[in-house]
Amino acid sequence: MKISLFKIGLTLVIVGMIWISIIFADIEKIQEQTILKQSSSFEIESHFIGTDIGFYKVHMPEFSGQEIFIQILDVKDNVIQEQIVQTKMSVGYFDFNEDGTYTAKITNLTKNQVNLDIEFGNTNSKEMTPPGILILVGSIAMIIMSYLKIKNYKMAQPDENIS
């Protein structure tokens, strides 16, 4: 059985994708479900260590045009990110660089109550560097092999003077 560079590249990409999936499944996150009444707020807190990228995901299962306002507050209660969400689901990312408790503050801007599913946590993006490199190397190997196969491919041309 001949193992080609293309198959090796494909294997590296698959292994890298599985590795990233496992890392992302094991992240530290807090999940909450809540109902926000008109002009009310909700806060969710998570403790982060080191320097990395945090995330929040807001899902409104019964979305019908509601608006919510999200603020991410750092350890000293400074706003590091804010966003108005007008979609059924929104995901946002933010950088953190000191240890401590970070807060996501969600405010209902509409006159109706809003059902929310919220996730807030750390992406562990630094742990995803090695599998990312595997995916990159595998992708480059697949591209090179595909190019070499196509470069040498010749199409048969019909004779021009067939009557």
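Values reported hereafter were calculated over all heavy atoms of this structure, with side chains retained and with hydrogens, waters and symmetry mates removed. Since the model is a prediction, treat every value here as computed from it, not as a measurement.
- Ring geometry for Phe120 against Phe94 counts as parallel: the plane angle stays under 30°, on a 0 to 90° scale with 60° as the upper cut.
- Grouping the Ile, Leu, Val, Met, Phe, Trp and Tyr side chains by contacts below 4.5 angstrom, directly or via other members, places Met17 apart from Ile143.
- Side-chain contact between Phe6 and Ile144 is absent, with no heavy atoms from C-beta onward closer than 4.5 Å.
- Contact record, Lys37 with Asn108: O-ND2, 3.1 Å, taken as the closest heavy-atom pair.
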Take Met60 and Asn115 through the test side chain to side chain contact (heavy atoms under 4.5 Å, CB included) and record every step on the way to the result. CA-CA 6 Å; Met60 294 182 260; Asn115 292 335; over 6 Å; no
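- Side-chain contact of Asp52 with Ser125: a donor-acceptor pair under 3.5 Å is present, judged by distance alone.
- Closest approach of Thr110 to Gln66, counting heavy atoms only: CG2-CA, 3.6 Å.
- Asn122 places no side-chain N or O within donor-acceptor distance of the main-chain N or O of Glu28, the cut-off being under 3.5 Å.
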Test Asn78 against Leu73 for side chain to side chain contact (heavy atoms under 4.5 Å, CB included), laying out the working first. CA-CA 5 Å; Asn78 297 319; Leu73 308 171; over 6 Å; no
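- The CD1 atom of Ile106 sits 12.0 Å away from the CG atom of Leu109 when rounded to the nearest 0.5 Å.
- Thr123 places a side-chain N or O within 3.5 Å of a backbone atom of Ile53 that can act as its donor or acceptor partner.
- Residues Met89 and Lys57 are in side-chain contact: their nearest non-hydrogen atoms beyond the backbone lie under 4.5 Å apart.
- No chain of hydrophobic side-chain contacts below 4.5 Å, direct or via other Ile, Leu, Val, Met, Phe, Trp or Tyr residues, connects Ile118 to Phe69.
- A donor atom on one side chain and an acceptor atom on the other are found under 3.5 Å apart for Gln33 and Asp117.
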Going through the distances and angles, do Lys29 and Gln31 end up as a side chain to side chain contact (heavy atoms under 4.5 Å, CB included)? CA-CA 7 Å; Lys29 63 184 174 185; Gln31 294 178 312; 4.2 Å; yes
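- Shortest non-hydrogen contact noted between Gly138 and Leu12 is CA-CB, 3.9 Å.
- Here the closest heavy-atom approach between residue Pro131 and residue Gly16 is recorded as CB-O, 3.7 Å.
- Minimum interatomic distance between Ser90 and Gln83 (heavy atoms only, all atoms of both residues): OG-NE2, 3.4 Å.
- One hydrophobic cluster holds both Ile14 and Phe24 under the rule that ILVMFWY side chains link at heavy-atom gaps under 4.5 Å.
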Evaluate Leu10 against Met142 for side chain to side chain contact (heavy atoms under 4.5 Å, CB included), listing each step before the verdict. CA-CA 7 Å; Leu10 182 61; Met142 289 171 50; 4.0 Å; yes
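- Looking only at distances, no side-chain donor or acceptor of Asn97 sits under 3.5 Å from a matching main-chain atom of Thr51.
- With sequence neighbours excluded, no residue forms a side-chain hydrogen bond (donor to acceptor under 3.5 Å, both in side chains) with Glu43.
- Between the Asn124 side chain and the Glu127 main chain, no donor and acceptor come within less than 3.5 Å of each other.
- The structure places OG1 of Thr103 at 10.0 Å from CD1 of Ile44, a figure rounded to the nearest 0.5 Å.
- Interatomic distance, CZ of Phe42 versus OG1 of Thr107, reported as 11.5 Å (0.5 Å rounding).
- The nearest pair of heavy atoms linking Ile49 to Phe96 is O-CE1, 3.8 Å.
- Looking only at side-chain heavy atoms (C-beta outward), Val15 and Leu134 come within less than 4.5 Å of each other.
- Between Val58 and Ile68, some side-chain heavy-atom pair lies under the 4.5 Å cut-off.
- When the shell of 6.0 Å around NZ of Lys105 is examined, it contains 12 or fewer heavy atoms from other residues, nucleotides or ligands.
- Rounding to the nearest 0.5 Å places CD of Gln71 at 8.5 Å from OG of Ser41.
- Going from atom CD1 of Ile70 over to atom CG of Leu116 covers 8.0 Å, rounded to the nearest 0.5 Å.
- Residue Glu67 places its CD atom among more than 12 non-hydrogen atoms of other residues, nucleotides or ligands, all under 6.0 Å distant.
- No side-chain heavy atom of Phe63 sits less than 4.5 Å from a side-chain heavy atom of Pro61.
- In the hydrophobic clustering of ILVMFWY residues, with side-chain heavy atoms under 4.5 Å counting as a link, Phe48 and Val79 come out apart.
- With hydrogens and angles ignored, the 3.5 Å screen pairs a side-chain donor or acceptor of Ser139 with a backbone N or O of Ile135.
- For Tyr56 and Tyr102, the ring centers are positioned 6.0 Å apart or more.
- Here the NE2 atom belonging to His47 is positioned 11.0 Å from the CD1 atom belonging to Ile30, to the nearest 0.5 angstrom.
- Residues Leu148 and Val13 are members of one and the same hydrophobic cluster, defined by side-chain heavy-atom contacts under 4.5 angstrom among Ile, Leu, Val, Met, Phe, Trp and Tyr.
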